[in-house]
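Owing to the predicted nature of the structure, the values given are computational and were not obtained by experimental measurement. Numbers for residues simply follow the sequence, beginning at 1.
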Amino acid sequence: MNRKQVGFALCGSFCTFKRVIPVIKELSEEYDIIPIMSYNAYGTDTRFGSARGFVDEIESICGRKTIATLTEAEPIGPKKLLDALIIEPCTGNTLAKLAAGIADTPVTLAAKSHLRNARPLIIAVSTNDALAGAAKNIGSLLNYKNIFFVPYRQDDPDGKPTSIVADFSKTGDTLINALSGKQIQPIVL
């Protein structure tokens, strides 16, 4: 049986990594997962953990090296390497670049390259300004063909009233729906 090839791209919302890694592990039971990381996600140590530690754990789960350069990301589209691409967590910076068509990181180039094949791109938002500066980018991307969102909610309405984080437990269901061309509902929880 041929397993679907799913890219799983991480951006620098470091506080979510420990919640995202179990999602990668769960999805790897049904799909071949190709890890992709932004420059910051791949190389920045933070109070949430060391970059090398996260990379090693993800590569161990996926059984392959992480795509972490533009050169490695570029062939994704021409070679039709992925059936779907998930960006989780997707930061406000990456949302802005995707909405503006900027492809200057491994994650944004992977997305651009992948979308040329009219295959699903799944976005799991994690940004403190989703209901402020990033709102226009989310709105823009919601209108794009072949882009789907993992349902999201405010994560701390009192302390961070403009912050939104996707419900990572819904990534698998979002992927299944996206592979059929459907947006999982409800999108706002």
Side-chain angles (χ1 to χ4, degrees), residues 6-17 19-20 23-24 34-46 48 51 54 58 66-74 76-77 82 84-157 159-168 170-171 174-175 178 183-184 186-189:
V6 175
F8 201 106
L10 292 91
C11 299
S13 181
F14 304 103
C15 62
T16 65
F17 282 16
R19 288 184 287 152
V20 167
V23 175
I24 297 170
I34 294 86
I36 304 163
M37 294 179 92
S38 70
Y39 296 127
N40 287 331
Y42 188 78
T44 305
D45 295 333
T46 71
F48 300 104
F54 286 126
I58 290 165
T66 300
I67 293 173
T69 68
L70 294 175
T71 305
E72 295 166 339
E74 187 277 329
I76 288 172
L82 305 176
L85 173 59
I86 299 166
I87 303 176
E88 181 172 315
C90 185
T91 62
N93 186 52
T94 297
L95 286 168
K97 289 181 179 196
L98 292 170
I102 297 170
D104 64 350
T105 72
V107 172
T108 56
L109 182 57
K112 174 190 176 256
S113 189
H114 172 71
L115 282 170
R116 72 186 259 170
N117 297 317
R119 294 178 179 174
L121 171 64
I122 295 101
I123 296 173
V125 175
S126 178
T127 181
N128 287 326
D129 72 338
L131 298 177
K136 66 180 177 240
N137 298 319
I138 293 169
S140 176
L141 292 168
L142 282 167
N143 286 305
Y144 286 17
K145 189 174 182 184
N146 300 313
I147 294 182
F148 304 88
F149 280 77
V150 176
Y152 49 81
R153 66 171 51 93
Q154 287 180 280
D155 61 313
D156 182 2
K160 301 186 300 182
T162 63
S163 181
I164 290 224
V165 174
D167 181 345
F168 302 133
K170 298 201 179 297
T171 303
T174 303
L175 173 59
Q183 171 62 58
I184 190 173
I187 196 168
V188 179
L189 302 173

Checklist entry - For Ala178, what residues pass the side chain to side chain contact (heavy atoms under 4.5 Å, CB included) criterion, not counting sequence neighbours? => result Pro120, Ile122, Phe148

Checklist entry - Residues in side chain to side chain donor-acceptor pair (under 3.5 Å) with Ser38, at least two apart? => result none

Next on the checklist: Filter on salt bridge (Lys or Arg N to Asp or Glu O under 4.0 Å), then keep only pairs touching residues 139-153, sequence neighbours left out; what's left?
Outcome noted: Arg153-Asp167

Checklist entry - CZ of Phe149 to CD1 of Ile138: how many Å apart, nearest 0.5 Å? => result 6.0 Å

Next on the checklist: So, using side chain to side chain donor-acceptor pair (under 3.5 Å) as the criterion, who are the partners of Thr105 when residues are at least two apart?
Outcome noted: Thr108

Checklist entry - Rounded to the nearest 0.5 Å, how far apart are CG of Leu175 and CD1 of Ile184? => result 10.0 Å

Next on the checklist: Is the shortest side-chain heavy-atom distance between Leu85 and Arg119 below 4.5 Å?
Outcome noted: no

Item to check | Selection residues 99-116 - residue pairs positive for salt bridge (Lys or Arg N to Asp or Glu O under 4.0 Å), sequence neighbours left out | outcome: Lys97-Asp104

Checklist entry - Rounded to the nearest 0.5 Å, how far apart are CD1 of Ile123 and OG1 of Thr94? => result 9.5 Å

Next on the checklist: Run the side chain to side chain contact (heavy atoms under 4.5 Å, CB included) test against Ala99 and tell me which residues pass, sequence neighbours left out.
Outcome noted: Asn137, Ser140, Leu141

Checklist entry - So, the side chain of Glu88 versus the backbone of Phe8: is there a donor-acceptor pair under 3.5 Å, distance only? => result no

Checklist entry - With sequence neighbours left out, what residues match Lys160 under side chain to side chain contact (heavy atoms under 4.5 Å, CB included)? => result Asn128, Asp155, Asp156, Ser163

Next on the checklist: Can you confirm whether Ile87 sits close enough to Cys11 that some side-chain heavy atom of one is under 4.5 Å from a side-chain heavy atom of the other?
Outcome noted: yes

Quiz: residues 66-73 side-chain donor-acceptor pairs under 3.5 angstrom, not counting sequence neighbours:
from, atom 1, to, atom 2, distance (Å)
Thr66, OG1, Glu59, OE2, 3.1
Thr69, OG1, Glu72, N, 3.1
Thr69, OG1, Glu72, OE1, 3.3
Glu72, OE1, Ala68, N, 2.7
Glu72, OE1, Thr69, N, 3.2

Next on the checklist: So, using side chain to side chain contact (heavy atoms under 4.5 Å, CB included) as the criterion, who are the partners of Ala135 when residues are at least two apart?
Outcome noted: none

Checklist entry - So do the side chains of Ile34 and Ile76 get within less than 4.5 Å of each other, counting heavy atoms only? => result no

Item to check | Any residue meeting side chain to side chain donor-acceptor pair (under 3.5 Å) with Thr174, in chain and number order, not counting sequence neighbours | outcome: none

Item to check | salt bridge (Lys or Arg N to Asp or Glu O under 4.0 Å) against Arg19, all qualifying residues, sequence neighbours excluded | outcome: none

Checklist entry - With sequence neighbours excluded, what pairs up with Phe14 under the ring pair (Phe, Tyr, Trp, His ring centres under 6.0 Å) test? => result Phe17

